[in-house]
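First comes the structure, then the notes that go with it.
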Amino acid sequence: MLDIAGKWVLLTGASRGVGRQVAGALADKGCHLILHSRNREHTADLVAEFQARGLTVHTLEAEFSDQEQVIALGKEALRISGGIDILYNNAAIMAPFHEDIFITEAGEYALSFQVNTVAPITLCNLVLPGMMQRKFGRVVNLTSGIKDQPQLMAYAASKAALDKYVYDMAPHLKDTGVTMNLLDPGWLRTDLGGPQAPNAVESVLPGALVPVLLEDGSSGKFFAAQDYA
Ligand SMILES: NC(=O)c1ccc[n+]([C@@H]2O[C@H](COP(=O)([O-])OP(=O)(O)OC[C@H]3O[C@@H](n4cnc5c(N)ncnc54)[C@H](OP(=O)(O)O)[C@@H]3O)[C@@H](O)[C@H]2O)c1
C-alpha cells in the first residue's frame with residue numbers, strides 16, 4: 001500500500017462527521033494536514049491533538065456558497081503547501097426534505113450545486129495541474145448512494161453531477177500518476193446523515209482511505225466505504 005507520510009493534504013469539512021474521521025486516519029499516516037471548515041474554532045481541538053503528536057497542521061476557513069472563498073481556500077492551500085498531493089473533497093450540505101416531491105425550489109438546486117458540486121470541482125481544477133506536473137496526486141470526491149428519493153433531489157442531483165465530473169475526467173488522468181475517484185461513505189449517523197442512519201460514523205474507516213492508498217493508477221471508480229467496514 002502507498003506510503004503517504006509527509007504528503008500534503010487538503011481536507012474539506014474536517015471538523016465533524018466523516019471529515020473528522022478522515023483527518024484522524026490521515027494524521028495516523030503522517031500526512032501534513034490542511035484542515036478546512038467554516039470556522040477555525042471547529043478544528044481547533046484537532047490541531048492541538050495533531051500538533052502534540054509532532055504533525056504539521058494548518059487550518060483554513062471557507063464558506064462554499066461563496067465561490068470567491070472557495071477559490072481563496074484553494075490558492076491559500078497551494079501557497080502553504082507548495083503543492084497539494086491529496087485533495088479530499090468531503091464538505092457538503094444536505095437539502096431540505098420535501099414530502100411533496102413536486103416543490104423543490106430553484107434556489108435549493110443553486111445552493112446544493114454551488115456547495116456540493118462547483119466548490120469541489122473548483123478545488124480539483126486548482127490542484128490537478130500541479131499534481132500532473134509532479135506526476136503524483138490523489139483526489140477523493142465524496143458522493144452518495146442516494147437513489148429513488150426525489151424528496152431530496154437538490155442534494156441527489158448535486159452529487160450525480162459531481163460523479164459525472166469524476167467519470168468524464170478519468171480518461172484525462174490516465175498514466176499521469178494522478179488518480180481521482182468517488183467515495184460513498186454509506187448512510188452514517190452524522191449531522192448530515194441524521195440519528196436514524198444505520199451506521200456509526202466510525203464505520204467509514206478503513207474504506208475512506210482506500211482510494212487514497214490505491215496504487216493501481218485507476219480513476220473514475222466508485223468506492224463504497226461500507227464494503228470495507
Ligand atoms: N452522513 C451520511 O449518511 C452520508 C451519506 C452519503 C454521503 N455523505 C457525504 O459525506 C460527506 C460528509 O458528510 P457528513 O455526514 O460527515 O457531514 P456533516 O457531519 O454535516 O459535516 C459537514 C462538514 O462540511 C462542512 N460544511 C458544511 N456546510 C458547509 C458550507 N456551506 N461550506 C463549507 N463547508 C461546509 C462542515 O464544516 P463546519 O464545521 O464549518 O460546519 C463539516 O465539516 C458529504 O459530502 C456528504 O454528502 C454522507
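As a basis for the values below, the full set of heavy atoms in this structure was taken, side chains included, without hydrogen atoms, waters or symmetry mates. As the structure lists them, so they are numbered: ligands from 1, and atoms in each ligand from 1.
- Applying the ring pair (Phe, Tyr, Trp, His ring centres under 6.0 Å) test to pairs two or more places apart or on separate chains, those with a residue in residues 64-120 are H36-F64.
- At a heavy-atom cutoff of 4.0 Å, ligand 1 is contacted by the side chain of P185 but not by its backbone.
- When I121, N116, V118 are each tested for a side-chain contact (heavy atoms from CB on, under 4.5 Å) with L162, only one passes: I121.
- The distance from ligand 1 to the heavy atoms of G17 drops below 4.0 Å at these ligand atoms: 16 (O), 19 (O).
- Shortest contact from atom 32 (N) of ligand 1 to any protein heavy atom: F64 N, 2.9 Å.
- Of the possible polar contacts, none joining the N141 side chain to the L182 backbone as a donor-acceptor pair under 3.5 Å is found.
- The closest side-chain heavy-atom distance from N89 to M180 is not below 4.5 Å.
- In summary, the atoms of ligand 1 found under 4.0 Å from a heavy atom of S37, numbered by their order in the structure, are 39 (O), 40 (O).
- Of the heavy atoms in N116, none comes closer than 4.0 Å to ligand 1.
- For ligand 1 and G13, the ligand atoms under 4.0 Å from any heavy atom of the residue are 23 (C), 24 (O), 25 (C), 42 (C), 43 (O).
- With a heavy-atom cut-off of 4.0 Å, H36 touches ligand 1 through its side chain alone.
- Looking at N90, I146, V18, L192, it is N90 that brings a heavy atom closest to atom 11 (C) of ligand 1.
- For residues 195-229, no residue pair satisfies the ring pair (Phe, Tyr, Trp, His ring centres under 6.0 Å) rule, not counting sequence neighbours.
- Every atom of ligand 1 is numbered from 1 in the order shown, and the set under 4.0 Å from a heavy atom of I93 is 28 (N).
- For Y155, a nitrogen or oxygen atom sits less than 3.5 Å from a nitrogen or oxygen atom of ligand 1, counting backbone and side chain alike.
- Taking each of L73, V204, V115, T190 in turn, the one with a heavy atom nearest to atom 15 (O) of ligand 1 proves to be T190.
- Of all atoms in ligand 1, listed by their number and element, those nearer than 4.0 Å to a heavy atom of W187 are 3 (O).
- With a 4.0 Å cut-off on non-hydrogen atoms, A62 touches ligand 1 through its backbone and not its side chain.
- A donor-acceptor pair is defined here as one N or O able to donate and one able to accept, closer than 3.5 Å; no such pair exists between the side chain of D85 and the backbone of F136.
- The side chain of H42, and not its backbone, has at least one atom closer than 4.0 Å to an atom of ligand 1 (non-hydrogen atoms only; side chain from C-beta on).
- Taking every non-hydrogen atom of G193 and a distance limit under 4.0 Å, the qualifying atoms of ligand 1 come out as 1 (N), 2 (C), 3 (O).
- When non-hydrogen atoms are compared, ligand 1 lies under 4.0 Å from neither the backbone nor the side chain of M94.
- What sits closest to atom 3 (O) of ligand 1 on the protein, heavy atoms only, is L188 N, 2.8 Å.
- Contact check on R38 versus D66 returns no salt bridge, with no Lys/Arg side-chain nitrogen under 4.0 Å from an Asp/Glu carboxylate oxygen.
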